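One structure below.
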2 protein chains.
Amino acid sequence: MEDHKKRFDIIIRKLKDHGHKLTPQRLAIVTILARSEGHPSVEDIFHQIKKKFPTMSLATVYRNIVLIKSLGEVLELGFPDGSNRYDGNNPTPHPHVICIKCKKIVDPDLDSLDEIQKEVASETNFTILNHRLDFFGICSDCMAEKV
Amino acid sequence: MEDHKKRFDIIIRKLKDHGHKLTPQRLAIVTILARSEGHPSVEDIFHQIKKKFPTMSLATVYRNIVLIKSLGEVLELGFPDGSNRYDGNNPTPHPHVICIKCKKIVDPDLDSLDEIQKEVASETNFTILNHRLDFFGICSDCMAEKV
DNA sequence: ATCCTAATTGATAATGATTTTCAATTAACA
DNA sequence: TGTTAATTGAAAATCATTATCAATTAGGAT
């Protein structure tokens, strides 16, 4: 709970440091990103924000996500269907478990990939900067629905 | 080299088994997918195929990739910019190393993720079906260009 | 508190990747 | 060889995202 407040403050600090204005719309978007745990899509964020800001434009949501991403404060996951999901809560690379039915994303508690990353760097001669690790399957809720 | 021929034969067998016709266009697309090692995009495949089939439609390439994907014979990687890359050479989940500059994708030789996958399944109660592991960095060619 | 200005917003058009539609073509079976 | 359902080519449509532009406004200066 307190983590979300910290994340919010960090992102706001970053925005100020880069000379950006803190508009009510932007604050609302940062709030949603900072506290989100399910890696929402733009559509999810837009839908949620509509409750408090009925006239906010979808373009405003997109512009702000691009801005916060450019500051390194949100992790972006792209999917083959062209959609993207965002994590403002933990913007550094980390594993995900994704349900192929309901699209829910959860963060498992796994060991660091540092060792593997070093192995990869040494084998390929790439300068490795980050990674993406996702597991795809069916969550227990969706498994239960099959019954 | 012989692997490509095998992959081609496997995909062709799968298509036949599912009652699909073997048109010259489809054979050409399967050939490119089966021998590709760089995980080409639709644009890459279309560009390559134009040499032999100048009148082939982009829609034909898209339709055939969707078809082959539905047979489980091509691995699809989605990226945040909305583009997709395809591997018909090794369609099962495997690690990738991706250059963020030239977009080159190579397959490192890493140990299986089976252990981690079991750990994830047990921790999250998901039925894990597959995974995606990508490392992002800069390849040695692009590093050399910086000099 | 007021003024000013550049950043930001809202609405909408545009872009790029992909999918759909439909008439024409053709693979492959009888 | 004839037939037919699958497939193709061309172009329109769809969808996620970005760009444009007039209007609005956050926040710094006074």
Side-chain angles (χ1 to χ4, degrees), chain A residues 11-33 39-71 74-86 103, chain B residues 11-33 39-71 74-86 103:
Chain A
I11 299 176
I12 291 307
R13 175 85 266 143
K14 260 301 183 62
L15 284 163
K16 277 182 168 179
D17 287 347
H18 282 78
H20 296 294
K21 291 177 175 177
L22 304 180
T23 67
Q25 297 89 338
R26 183 163 289 161
L27 292 173
I29 291 164
V30 170
T31 299
I32 291 179
L33 284 173
H39 306 65
S41 63
V42 168
E43 190 62 34
D44 295 332
I45 295 167
F46 186 55
H47 188 77
Q48 218 178 320
I49 225 151
K50 277 289 202 185
K51 299 166 187 167
K52 191 178 175 186
F53 291 86
T55 62
M56 194 188 289
S57 169
L58 183 56
T60 298
V61 178
Y62 271 105
R63 266 193 305 261
N64 278 285
I65 288 176
V66 163
L67 174 61
I68 299 166
K69 193 179 81 176
S70 76
L71 301 180
V74 72
L75 183 73
E76 183 178 43
L77 297 172
F79 291 93
D81 67 2
S83 66
N84 287 317
R85 302 279 286 267
Y86 299 91
K103 314 296 182 186
Chain B
I11 300 176
I12 292 308
R13 176 84 265 142
K14 259 302 182 59
L15 284 163
K16 277 183 167 179
D17 287 347
H18 281 77
H20 296 294
K21 290 177 176 178
L22 304 180
T23 67
Q25 297 90 338
R26 182 163 288 162
L27 292 173
I29 292 165
V30 169
T31 297
I32 291 179
L33 285 173
H39 308 62
S41 63
V42 169
E43 188 62 33
D44 295 332
I45 295 166
F46 185 56
H47 188 76
Q48 219 177 320
I49 224 148
K50 277 289 201 182
K51 298 166 187 169
K52 193 178 173 186
F53 290 86
T55 62
M56 196 187 287
S57 169
L58 184 55
T60 297
V61 179
Y62 271 105
R63 265 194 301 260
N64 278 285
I65 289 176
V66 163
L67 174 62
I68 299 165
K69 194 181 81 178
S70 76
L71 301 180
V74 71
L75 183 73
E76 183 178 42
L77 297 172
F79 291 95
D81 67 1
S83 65
N84 288 317
R85 301 280 286 266
Y86 300 90
K103 314 296 179 187

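Given the structure is predicted, the values throughout are model-derived calculations rather than measurements. In what follows, chains carry the letters A, B, and so on, assigned in the order in which the sequence lines appear, proteins first and then strands, with residues in each chain numbered from 1.
Reading DNA chain D from its 5' end, the first and the last nucleotide to sit under 4.0 Å from a heavy atom of chain B are D/dA5 to D/dA11.
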Identify all side-chain donor-acceptor contacts of residues 40-47 of chain A below 3.5 Å with residues at least two apart in sequence or on another chain.
from	atom 1	to	atom 2	distance (Å)
A/S41	OG	A/E43	N	3.4
A/S41	OG	A/D44	N	3.1
A/S41	OG	A/D44	OD1	3.4
A/S41	OG	A/D44	OD2	3.0
A/D44	OD2	A/S41	N	2.8

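Taking every heavy atom of residues 62-71 of chain A and every atom of DNA chain C, pairs under 4.0 Å involve A/R63, A/N64, by number.
Between A/I49 atom CD1 and C/dG10 atom C1' the separation is 14 Å, expressed in whole Å. Rounded to a whole Å, the NZ atom of A/K50 is 14 Å from the P atom of C/dT9.
Taking only side-chain nitrogens and oxygens, B/S83 never comes nearer than 4.0 Å to OP1 or OP2 of C/dA17.
Residues that satisfy the side chain to side chain donor-acceptor pair (under 3.5 Å) test with B/K14, not counting sequence neighbours, are B/E73.
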Report, one pair per line, the protein and nucleotides 1-7 of chain C atoms (nitrogen or oxygen only) whose separation is under 3.5 Å.
from	atom 1	to	atom 2	distance (Å)
C/dA6	N3	A/K21	NZ	3.4

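Helix-axis bend for the helix from C/dA1-D/dT30 to C/dA30-D/dT1: the local axis fitted to the five terminal pairs at one end deviates from that at the other end by 30°, rounded to 10°.
Positionally, the nearest nucleotide of DNA chain D for B/T23 lies more toward the 5' end than for the other of B/T23 and B/P80. Where B/I29 and A/D81 each meet DNA chain D at their nearest nucleotide, the meeting point lying more 5' is that of B/I29.
Heavy atoms only, all atoms of each residue included: B/E76 and B/Y86 are closest at OE2-OH, 2.8 Å.
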